[in-house]
Amino acid sequence: METVAVIDFETTGMKPEQGARATEIGAVLIRDGVVIDRYASLMHTGAWVPPFIESLTGITNEMLLDAPPAERVMREVSDFVGDAPMAAHNAAFDSRFWSAELARIDRDRPVDFACTLLLSRRLYPEAPSHKLGNLGRWADLPSVGRAHRALADAELAARLLLRMEADLLIRYGVEEVSHPFLCKLQQAPRRRMEELIERFAP
DNA sequence: TGCCAGGCCCTCTTTAGGGCCTT
């Protein structure tokens with residue numbers, strides 16, 4: 001399979017349209033079933049981090065004072081990701097920040113995100129919770145660090161995506177798990193999902 | 001120091017409501 005970039009943002013809020021900014025990004029490249037590279041950095045935007053989010057992420061306003069500027073970090077991570085197709089857990093969230101932060105350095109480009117939340121709801125409907133951390137424990141994925149830090153969450157989402165790819169290959173008999181196939185699968189109604197899997201099975 | 005979304009998905013549904021998930 002082609003290289004895929006799995007990203008995770010920590011931010012000051014829920015929506016860039018409401019003034020929320022990124023505080024940290026983690027990016028993990030996966031290929032042929034394994035993690036092949038990692039990038040992570042705090043980023044300074046000048047935006048204030050509310051106490052709730054300081055507590056949630058452990059990223060404080062003080063920590064961000066010495067962080068590199070967001071423009072530099074986004075240039076670096078954009079170079080790191082290159083043209084790789086992308087994925088995230090609840091990609092609707094991370095893709096908005098990816099686009100918004102890149103737009104600030106004139107590097108925004110259309111990109112389809114695979115979403116490990118949407119995919120896990122389809123592939124693992126029996127899971128008691130589809131929160132990233134809960135899925136990781138449920139699937140017995142190895143611990144990768146503090147939850148709600150960007151690199152740990154990106155790595156966990158990457159390992160979850162690798163598990164789902166392996167299950168599609170082995171359990172469902174799908175011949176090749178391409179990024180476009182995952183993007184179709186995550187949007188498909190349940191019946192359509194089964195049709196899609198059957199079509200891609202040998 | 002603080003405002004507080006929206007798409008997905010299920011069901012006691014579809015002329016709707018509410019929980020989940022991300023920070």
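Lettering of chains follows the sequences in order, A, B, ..., and the numbering in each one begins at 1.
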**OP:** Return the value, rounded to whole Å, for the distance between atom CZ of A/F52 and atom C1' of B/dC3.
**Re:** 14 Å
Original post:
When all nucleic acid strands are considered with a 4.0 Å heavy-atom cut-off, which category describes A/R96: base, sugar-phosphate, or nothing?
Top reply: nothing
Original post:
Where the side chain of A/D8 is defined as all heavy atoms beyond and including C-beta, which of B/dT23, B/dC21, B/dA5 is the nearest nucleotide?
Top reply: B/dT23
**OP:** For A/I105, enumerate each residue passing the side-chain contact (heavy atoms from CB on, under 4.5 Å) test, keeping only those at least two apart in sequence or located in another chain.
**Re:** A/E71, A/M74, A/R75, A/L102, A/R107
**OP:** Please state the P separation for the pair B/dC4 and B/dT22 - nearest whole angstrom.
**Re:** 22 Å
Original post:
Within the side chain of A/H44, is there an N or O that forms a donor-acceptor pair under 3.5 Å with the backbone of A/L64?
Top reply: yes
**OP:** For B/dG18 and B/dT23, measure between their P atoms and round to the nearest Å.
**Re:** 26 Å
Subject >> Integer-rounded Å distance: B/dC20 C1' and A/R121 CZ >> reply: 6 Å
Original post:
When the P atoms of B/dC12 and B/dG19 are considered, how many whole Å apart are they?
Top reply: 15 Å
Subject >> Most 5' of A/H148 and A/A92 on DNA chain B, judged by nearest nucleotide >> reply: A/A92
Original post:
Between A/A47 and A/E10, which is nearer to the 5' end of DNA chain B once each is assigned its nearest nucleotide?
Top reply: A/A47
**OP:** Mind checking A/E17 for me? I need base, sugar-phosphate or nothing, with any heavy atom below 4.0 Å counting as a touch.
**Re:** nothing
Original post:
Any side-chain donor paired with an acceptor under 3.5 Å for A/T57 and A/H148?
Top reply: no
Original post:
Should A/E155 and A/R159 count as an ion pair when the cut-off is N to O under 4.0 Å?
Top reply: yes
Original post:
Between atom CG in A/D94 and atom P in B/dC21, what is the gap in whole Å?
Top reply: 15 Å
**OP:** Provide, to the nearest angstrom, the distance between the CD1 atom belonging to A/I53 and the C1' atom belonging to B/dA5.
**Re:** 13 Å
Subject >> Short side-chain N/O contact to B/dT22 OP1/OP2 from A/H89, under 4.0 Å >> reply: yes
**OP:** Between B/dT22, B/dT23, B/dC8, spot the one nearest the side chain of A/T11, thanks.
**Re:** B/dT23
Original post:
Which pairs with one or both residues in residues 51-69 of chain A pass salt bridge (charged side-chain N to carboxylate O under 4.0 Å, His left out), sequence neighbours excluded?
Top reply: none
**OP:** Please state how far atom CD in A/E101 lies from atom P in B/dT23, giving the value in whole angstrom units.
**Re:** 15 Å
Original post:
Atom CZ of A/F93 and atom P of B/dC20: how far apart are they, to the nearest Å?
Top reply: 19 Å
Original post:
If only side-chain N and O atoms of A/K15 are considered, is one of them under 4.0 Å from the OP1 or OP2 phosphate oxygen of B/dT23?
Top reply: no
Subject >> Interatomic distance where CZ belongs to A/R122 and C1' belongs to B/dC20 [whole Å] >> reply: 14 Å
Subject >> A/L118 CG to B/dC9 C1', straight-line distance once rounded to whole Å >> reply: 10 Å
Original post:
When rounded to the nearest Å, what value does the distance between P atoms of B/dA5 and B/dT1 take?
Top reply: 23 Å
Original post:
Distance between the P atoms of B/dG17 and B/dT13, in whole angstroms?
Top reply: 12 Å
**OP:** Look at all strands and tell whether A/N134 reaches a base, only sugar-phosphate, or nothing, counting heavy atoms closer than 4.0 Å.
**Re:** nothing
**OP:** Write down the distance separating the C1' atoms in B/dC8 and B/dT14, rounded off to the nearest Å.
**Re:** 16 Å
**OP:** Respond yes when some side-chain nitrogen or oxygen of A/S129 is under 4.0 Å from OP1 or OP2 of B/dC21, and no when none is.
**Re:** yes
**OP:** For the pair A/E2 and A/R31, find out whether any cationic side-chain nitrogen is under 4.0 Å from an anionic carboxylate oxygen.
**Re:** no
**OP:** Quick one: label A/T57 by what it contacts on the DNA or RNA (base, sugar-phosphate, nothing), any heavy atom closer than 4.0 Å.
**Re:** sugar-phosphate
Original post:
Distance between the P atoms of B/dC20 and B/dT15, in whole angstroms?
Top reply: 25 Å
